[in-house]
Amino acid sequence: MSDALDTLYREVILDHYKNPRGKKKLDHADVKNEGKNPVCGDEIEVEVEFDGDTVKDLSVSCAGCAISVASGSMLYEVIKGKSFDEVRKIAKVVKAMLKGEEYDADGIDLGDLDVLEGVRQFPVRIKCALLSWVTLVDAIEKADTNESSKLSTTE
Ligand code: ZN
């Protein structure tokens with residue numbers, strides 16, 4: 001077990017945990033969302049600024065275990081500048097990766113995210129790793145709905 005834990009908490013995760021990349025405040029956030037993982041006590045706040053259907057900038061502030069913070073930090077690096085469709089696709093890949101399901105990551109640069117694959121040996125930690133992704137996708141779905149309601153009122 002301790003060998004496996006060593007693998008899980010290897011350098012990349014600890015580095016993201018100590019220096020979370022997306023921890024900042026946005027001056028012009030278009031949408032905000034909060035998420036919680038009561039099982040572990042992880043709490044997260046995600047802010048997103050859009051440019052059309054692209055994530056122009058985002059912030060990820062997470063207070064929780066190393067896995068939840070590191071996953072949110074990696075999310076920030078991978079998601080910045082991506083379109084909504086790309087975000088959904090990447091989130092799907094991350095989910096499949098964590099659950100040990102098959103996935104197609106063709107054309108996607110996962111950055112450090114492949115490290116999270118080790119988390120699947122610890123089912124209780126999967127929710128920690130998914131927290132930032134669920135919270136982000138939720139935020140984008142909200143914004144997408146707002147956008148379409150704006151369109152329908154201008155028609
Ligand atoms: Zn956690």
Side-chain angles (χ1 to χ4, degrees), residues 1-50 54-105 108-145:
M1 187 74 182
S2 70
D3 276 356
L5 268 177
D6 286 347
T7 314
L8 178 60
Y9 286 100
R10 62 187 181 189
E11 266 172 56
V12 180
I13 287 185
L14 276 177
D15 180 51
H16 279 277
Y17 177 55
K18 287 179 187 158
N19 307 295
R21 314 294 196 261
K23 197 163 187 174
K24 57 183 182 182
K25 281 279 161 197
L26 294 189
D27 292 332
H28 306 287
D30 291 303
V31 65
K32 253 188 206 187
N33 199 24
E34 288 174 12
K36 270 185 190 157
N37 172 21
V39 182
C40 180
D42 309 317
E43 290 185 13
I44 197 163
E45 189 180 291
V46 174
E47 294 179 328
V48 192
E49 184 183 344
F50 303 118
T54 300
V55 175
K56 189 180 169 197
D57 201 359
L58 73 162
S59 81
V60 182
S61 306
C62 184
C65 65
I67 299 290
S68 63
V69 175
S71 181
S73 174
M74 292 172 194
L75 173 149
Y76 169 81
E77 284 191 325
V78 171
I79 291 308
K80 194 172 168 179
K82 296 287 194 292
S83 72
F84 290 179
D85 284 346
E86 285 173 308
V87 172
R88 290 191 189 100
K89 197 174 170 190
I90 295 168
K92 217 183 243 181
V93 166
V94 171
K95 208 170 182 176
M97 193 167 81
L98 284 165
K99 295 192 167 174
E101 292 161 2
E102 280 191 30
Y103 58 88
D104 174 14
I108 300 176
D109 178 12
L110 288 174
D112 288 336
L113 283 168
D114 55 345
V115 168
L116 290 179
E117 206 153 10
V119 174
R120 86 161 74 118
Q121 311 160 56
F122 308 94
V124 75
R125 292 278 173 218
I126 292 175
K127 277 197 171 153
C128 303
L130 278 176
L131 180 63
S132 52
W133 295 90
V134 173
T135 310
L136 173 74
V137 169
D138 208 38
I140 284 175
E141 299 309 341
K142 273 188 202 170
D144 235 5
T145 315

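Just so you know, ligand 1 is whichever comes first in the structure, and atom 1 is the first atom listed for that ligand. Keep in mind that this is a model prediction, so the values were computed, not measured.
Using a cut-off of 4.0 Å between Lys/Arg side-chain N and Asp/Glu carboxylate O, Asp104 and Lys89 are scored as not salt-bridged.
Contact check for Val94 versus Tyr103: no side-chain heavy atoms found under the 4.5 Å cut-off. In this structure the side chain of Val134 never reaches within 4.5 angstrom of the side chain of Lys127, judged on heavy atoms. The shortest distance between side-chain heavy atoms of Glu141 and Arg88 falls below 4.5 Å.
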Check: residues 59-70 side-chain donor-acceptor pairs under 3.5 Å, at least two apart:
{"residue": "Ser59", "atom": "OG", "partner": "Lys24", "partner atom": "O", "Å": "3.3"}
{"residue": "Ser59", "atom": "OG", "partner": "Glu47", "partner atom": "OE1", "Å": "3.1"}
{"residue": "Ser68", "atom": "OG", "partner": "Asp42", "partner atom": "OD1", "Å": "3.4"}
{"residue": "Ser68", "atom": "OG", "partner": "Cys65", "partner atom": "N", "Å": "3.3"}
{"residue": "Ser68", "atom": "OG", "partner": "Cys65", "partner atom": "O", "Å": "2.9"}

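Annotation: protein N, O or S atoms under 2.8 Å of the Zn ion (ligand 1) (waters excluded) comprise Cys40 SG, Asp42 OD1, Asp42 OD2, Cys65 SG, Cys128 SG.
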Lys25 and Glu45: salt bridge (Lys or Arg N to Asp or Glu O under 4.0 Å), yes or no, with the steps?
-> CA-CA 10 Å; Lys25 281 279 161 197; Glu45 189 180 291; 3.0 Å; yes
